[in-house]
Amino acid sequence: MRVIVLGFVVFIVIVIINSCQSNVSQPVGVPSNCDTAGLTYTNEMQGLINLNCGPLNTSCHSPAASNRGDFSNYSTLQHYVTGGDQSIVWKYIISSSRMPQPPELPLDVCTQAKFKAWLLAGAPQ
């Protein structure tokens with residue numbers, strides 16, 4: 001009888017442990033259709049940066065506003081994205097949510113998740 005009870009307890013523990021494991025690849029709150037895998041500057045981030053930071057948003061980080069950092073190409077951006085969660089971009093976009101500044105709208109959850117994933121991957125070109 002003890003063997004049956006012990007076997008049942010082990011079975012229950014295994015079921016509970018496996019039910020607590022998550023196979024979800026996205027952080028909580030990130031939409032399931034938000035793909036953060038394999039991001040590079042060229043394949044995804046350049047467009048997000050151009051749209052939200054510069055050069056399409058000429059008042060922010062465009063070559064004309066270089067005193068705030070020129071984000072118009074990977075070479076001039078690299079200084080700001082090096083260091084993962086210690087990078088300057090992480091500090092302003094993720095940690096403090098100070099960028100983009102008003103009147104621009106804050107970044108949506110998916111775009112923030114993409115920045116996080118890209119920066120943590122070493123901001124590959």
Side-chain angles (χ1 to χ4, degrees):
M1 183 68 169
R2 284 186 179 189
V3 173
I4 293 173
V5 171
L6 182 60
F8 181 73
V9 169
V10 169
F11 173 76
I12 294 298
V13 169
I14 291 171
V15 168
I16 290 172
I17 290 172
N18 285 330
S19 69
C20 292
Q21 292 177 350
S22 175
N23 292 326
V24 177
S25 62
Q26 298 293 7
V28 174
V30 176
S32 60
N33 64 345
C34 180
D35 187 5
T36 60
L39 297 172
T40 67
Y41 175 77
T42 306
N43 77 4
E44 179 78 17
M45 300 310 296
Q46 181 178 16
L48 291 175
I49 291 166
N50 286 347
L51 181 63
N52 294 288
C53 310
L56 297 178
N57 187 338
T58 57
S59 65
C60 295
H61 298 282
S62 67
S66 61
N67 62 328
R68 286 182 239 134
D70 177 4
F71 291 6
S72 64
N73 62 67
Y74 189 77
S75 323
T76 57
L77 174 69
Q78 198 168 13
H79 165 74
Y80 301 96
V81 297
T82 300
D85 62 356
Q86 302 299 309
S87 70
I88 296 167
V89 168
W90 184 284
K91 176 183 173 184
Y92 283 95
I93 291 178
I94 308 303
S95 295
S96 69
S97 300
R98 289 192 275 180
M99 296 292 161
Q101 292 185 339
E104 303 301 322
L105 296 174
L107 299 178
D108 61 73
V109 174
C110 181
T111 301
Q112 284 186 2
K114 287 181 179 190
F115 269 101
K116 283 181 183 179
W118 180 61
L119 292 169
L120 290 174
Q125 187 172 6

Under the rule for side chain to side chain contact (heavy atoms under 4.5 Å, CB included), what residues qualify as partners of P106, not counting sequence neighbours? none

In chain order, what residues pass the side chain to side chain contact (heavy atoms under 4.5 Å, CB included) check against T76, with sequence neighbours excluded?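 Partners of T76 under the side chain to side chain contact (heavy atoms under 4.5 Å, CB included) test: D70, S72, N73.
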
Can you run down the salt bridge (charged side-chain N to carboxylate O under 4.0 Å, His left out) pairs that involve residues 82-93, sequence neighbours left out, and say none if there aren't any?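 Counting only pairs at least two positions apart or across chains, no salt bridge (charged side-chain N to carboxylate O under 4.0 Å, His left out) contact touches residues 82-93.
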
In short, salt bridge (charged side-chain N to carboxylate O under 4.0 Å, His left out) pairs touching residues 114-125 with sequence neighbours left out are E44-K114

Beyond-backbone contact of I49 with W118, side-chain heavy atoms, under 4.5 angstrom: yes

Are the side chains of H61 and L77 in touch, meaning some heavy atoms are under 4.5 Å apart? no

Walk me through whether M45 and L48 qualify under side-chain contact (heavy atoms from CB on, under 4.5 Å). CA-CA 5 Å; M45 300 310 296; L48 291 175; 4.0 Å; yes

Who are the side-chain hydrogen bond (donor to acceptor under 3.5 Å, both in side chains) partners of T40, not counting sequence neighbours?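 So T40 forms a side-chain hydrogen bond (donor to acceptor under 3.5 Å, both in side chains) with N43.
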
Looking only at heavy atoms, which two atoms of [X] and [Y] are closest? And how far apart?
{"X": "A123", "Y": "V81", "result": "CB-CG2, 3.6 Å"}
{"X": "A113", "Y": "V30", "result": "CB-CG2, 3.8 Å"}
{"X": "V109", "Y": "P31", "result": "CG1-CD, 4.3 Å"}
{"X": "Q125", "Y": "T42", "result": "O-OG1, 2.8 Å"}

Under the ring-ring contact (aromatic ring centres under 6.0 Å, His included) test, residues paired with Y41 that sit two or more places apart: Y74

Step by step, work out the disulfide (SG to SG under 2.5 Å) result for C60 and C53. CA-CA 6 Å; C60 295; C53 310; over 6 Å; no

To the nearest 0.5 Å, tell me how far T111 OG1 sits from L51 CG. 8.5 Å

CD (Q86) and OG (S95) are apart, to the nearest 0.5 Å, by 8.0 Å

Using side-chain contact (heavy atoms from CB on, under 4.5 Å), reason through L39 and F115 one step at a time and then give a plain yes or no. CA-CA 9 Å; L39 297 172; F115 269 101; over 6 Å; no

